[in-house]
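Below, each value reflects all heavy atoms present in this structure, side chains not excepted, and no hydrogens, waters or symmetry copies. Per chain, numbering begins at 1; letters A, B, ... match sequence-line order. No experiment lies behind these values; they were computed from the predicted model shown.
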There are 2 protein chains.
Amino acid sequence: MNKQNITIYDVARESKVSMATVSRVLNGNSNVRPATKNKVMNVINKMEYRPNAVARGLASKKTTTVGVIIPDVTDEYFASLARGIDDIASMYKYNIILANSDDDSSKQVKVLNNLLSKQVDGIIFMGNEINDKLRQEFKNSNVHIVLAGSVDEINSVPSVNIDYISAVKTETNKLINNGNKKIAFISGSLNQPINLDYRLVGYKKALQENNYVFDKSLVFSTNGNYQSSYNLVNSILSKNITAAVVTNDELAAGLLNGLTDLNIKVPDDFEIFTSNDTKISRLVRPQLSSITHPLYDVGAVAMRLLTKIMNNEDVDKKQILLNYDIVERQSTK
Amino acid sequence: MNKQNITIYDVARESKVSMATVSRVLNGNSNVRPATKNKVMNVINKMEYRPNAVARGLASKKTTTVGVIIPDVTDEYFASLARGIDDIASMYKYNIILANSDDDSSKQVKVLNNLLSKQVDGIIFMGNEINDKLRQEFKNSNVHIVLAGSVDEINSVPSVNIDYISAVKTETNKLINNGNKKIAFISGSLNQPINLDYRLVGYKKALQENNYVFDKSLVFSTNGNYQSSYNLVNSILSKNITAAVVTNDELAAGLLNGLTDLNIKVPDDFEIFTSNDTKISRLVRPQLSSITHPLYDVGAVAMRLLTKIMNNEDVDKKQILLNYDIVERQSTK
DNA sequence: CTGTTAGCGCATTCAG
DNA sequence: CTGAATGCGCTAACAG
């Protein structure tokens, strides 16, 4: 008999007990005499029996797998979240089905439904924009969903993030205190609430507190990649800007390199603050000052929250904000 | 009735056919009259019926999910492979269960068995070292396994890679042609066959062809991270080395920055070739010359190969080598 | 504490 | 071309 095909019946027969008893020891049910438990365990080990999780899932209506919807694993921001998610998931005996969505709305609902058909016990969603259609799908699906490092501006779903507003505000304040008069705000698409409704708001708040007038022409909305900010440099310099708050590290690296290539000295002639503290921020020269975004922890806490929710435990707060810090490296004075 | 709980029986009743017929239209079985097929399809759409993949898996013994064992999603090298894997997987209607192994041998067998219990139809394995224990587990598991961007020195498993020997040899030759007399080979652990049995061999071949004597003291085995090569710089310079072939981009970035911090000019005073052409190689200054490693394609082809194998199609070659190229950016003359 | 029994939702014979 | 019946491997009452 093939190792793959050993069933609970086989070990029951071999152990001279009923399959129900085997099932009990498998599931740690206490209602089984230690002696028979040992007997069964021995047979299980001897036969190298491995429970069929699919059958289990069908019978119990629990698959111990969660779906993870991610824009792109290749993006270090989300990959770091994913790593935190997987570590905690496996700690709680869950597997993750990972699905790339490219942040594309139609792909997102497609993979969501695919995940649901696989009967996942829960879903961790990562994405830069959540529209009504998606919210509706979330609601209609009867699985629990948690957002990781992603915001829903109306908080219709539990989520784990940092306080983006406050973080960006702090950075902007530092730049103001360093004497900069014109500070750019450079982000990925402003259609993304995380940029428009959080980070930009933090930027504006800092300006306001310091009696700076908000100047729309100092706000740069890009597609978020390295080249887009690299190409922005001339336009930025023409406006006598001397510092920038940037919302992702690739963007910041592009800006930095663009500046350097034009012989503008960072931080002497231009200061940069970035947002996610990924490896990139330490690889470039000068190294980038940044928010110390605890990406791994955001993923980990999101997954932990999901286990609680799936387990029907009480959770006091469904919108969790983790602590961040600011690290000043070489791109700021 | 809850959308999640609509079964094949419900649509059968509603369609006034048997569940067998519904099953047939679901599976594209041609033995069903177009008229009844339409009737059933309409009901399916109306009720928003979504087949339960778990039940399907139990009945058909196919789960349309494959396991993906990865050292660390956070590593851009493997993340790029994973992205290629997922894209092709979803193209063929498979989902991927992603499991991080940290390249740890005991974790690897643990997640392997976990994946097997989930009845995955196949496995893509990524890892820097495959030992006999693991090979044995591979053999005992009756699922098909394909290696992506990872080598088994005895080729006991189908795999997709590039020709590391030839690639490194080409790089080394260029460095030799540029007049360098002492060229370092800097890699992650030499316990990893990919470094010891492939890349180092390529390095040696180039030396030999040019009548250079191989000097063991020019070979640096590190733990593979940025800091480890950064810290190596003094030791390297003390040996009058003027160029290096580096086996991963983080390592190369560390070397580059270490050199730059000591005011050694790259490429004028020191040339660097790196291996994986990840974003990093373009973010640092000067940008790193590299093998143009088609990471996404390696993952994609590995997944495609797996689908063929799972489908019992004939595959002529089970050890696939993809084409690479060399791109000379700013770290070489 | 242990065994018997009935599904979980579907694919798949086997008849017709 | 369609339906009835069986079973995939396991969990979860229900009895005892």
A.B. asks: Look only at the side chain of A/Gln319 and the backbone of A/Val157, and say whether a donor-acceptor pair between them is shorter than 3.5 Å.
C.D. replies: yes
A.B. asks: Of the listed nucleotides (D/dG9, C/dT2, C/dC8), which one gets closest to any side-chain atom of A/Lys61?
C.D. replies: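 Nearest nucleotide to the side chain: C/dC8.
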A.B. asks: Look at all strands and tell whether A/Val54 reaches a base, only sugar-phosphate, or nothing, counting heavy atoms closer than 4.0 Å.
C.D. replies: nothing
A.B. asks: Between B/Ser105 and B/Asn131, is the side-chain contact (heavy atoms from CB on, under 4.5 Å) condition met? List the steps.
C.D. replies: CA-CA 8 Å; B/Ser105 152; B/Asn131 56 29; 3.4 Å; yes
A.B. asks: Rounded to whole Å, how long is the line connecting atom CG of A/Asn5 with atom P of D/dC10?
C.D. replies: 11 Å
A.B. asks: Between A/Thr21 and C/dT2, is there a contact of a side-chain N or O with OP1 or OP2 at under 4.0 Å?
C.D. replies: no
A.B. asks: Ignoring hydrogens, what is the shortest heavy-atom contact between B/Pro71 and B/Asn100? Give both atom names and the distance.
C.D. replies: O-ND2, 4.0 Å
A.B. asks: How close or far is atom C1' of D/dC10 from atom NZ of B/Lys118, stated in whole angstroms?
C.D. replies: 15 Å
A.B. asks: Considering only nitrogen or oxygen atoms on both sides, find all protein atoms under 3.5 Å from nucleotides 11-13 of chain D and state each distance.
C.D. replies:
residue, atom, partner, partner atom, Å
D/dT11, OP1, A/Asn27, OD1, 3.3
D/dT11, OP1, A/Asn27, ND2, 3.3
D/dT11, OP1, A/Arg56, NE, 2.6
D/dT11, OP2, A/Ser23, OG, 2.7

A.B. asks: Can you tell me how far C1' of D/dG9 sits from CG of A/Asn52, to the nearest Å?
C.D. replies: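 In whole Å, D/dG9 C1' lies 6 Å from A/Asn52 CG.
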A.B. asks: By nearest heavy atom, map B/Lys37 and A/Leu58 onto DNA chain D; which one lands nearer the 5' end?
C.D. replies: B/Lys37
A.B. asks: With a 4.0 Å cut-off, would you call A/Arg83 and A/Asp86 a salt bridge?
C.D. replies: no
A.B. asks: In whole Å, I'd like the distance from the CD1 atom of A/Ile6 to the C1' atom of D/dC8.
C.D. replies: 17 Å
A.B. asks: Is any side-chain N or O of B/Ser18 closer than 4.0 Å to OP1 or OP2 of D/dT2?
C.D. replies: no
A.B. asks: Side chain of A/Thr7 only, heavy atoms from C-beta on: which candidate in C/dG9, D/dG9, C/dC1 is closest?
C.D. replies: D/dG9
A.B. asks: Does either side chain, that of A/Lys118 or that of B/Thr64, offer a donor lying less than 3.5 Å from an acceptor on the other one?
C.D. replies: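 Yes, a side-chain donor-acceptor pair sits under 3.5 Å.
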A.B. asks: Rounded to the nearest 0.5 Å, how far does CD1 of B/Ile123 lie from CG of B/Leu116?
C.D. replies: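 Between B/Leu116 CG and B/Ile123 CD1, I get 5.0 Å after rounding to 0.5 Å.
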A.B. asks: Calculate the interatomic distance between B/Arg13 atom CZ and C/dG9 atom P; express it in whole Å.
C.D. replies: 12 Å
A.B. asks: Counting only heavy atoms not in B/Lys39, do more than 12 fall under 6.0 Å of its NZ?
C.D. replies: yes
A.B. asks: Mind grabbing the angle between the end helix axes of the helix from C/dC1-D/dG16 to C/dG16-D/dC1? Five pairs an end, 10° rounding.
C.D. replies: 40°
A.B. asks: Among A/Val146, A/Ile70, A/Ile145, A/Val68, find the residue that satisfies the side chain to side chain contact (heavy atoms under 4.5 Å, CB included) test when tested with A/Phe125.
C.D. replies: A/Ile145
A.B. asks: Of B/Thr65, B/Val66, B/Ile97, which is the lone residue that meets side chain to side chain contact (heavy atoms under 4.5 Å, CB included) with B/Leu115?
C.D. replies: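 The side chain to side chain contact (heavy atoms under 4.5 Å, CB included) with B/Leu115 is passed solely by B/Ile97 among B/Thr65, B/Val66, B/Ile97.
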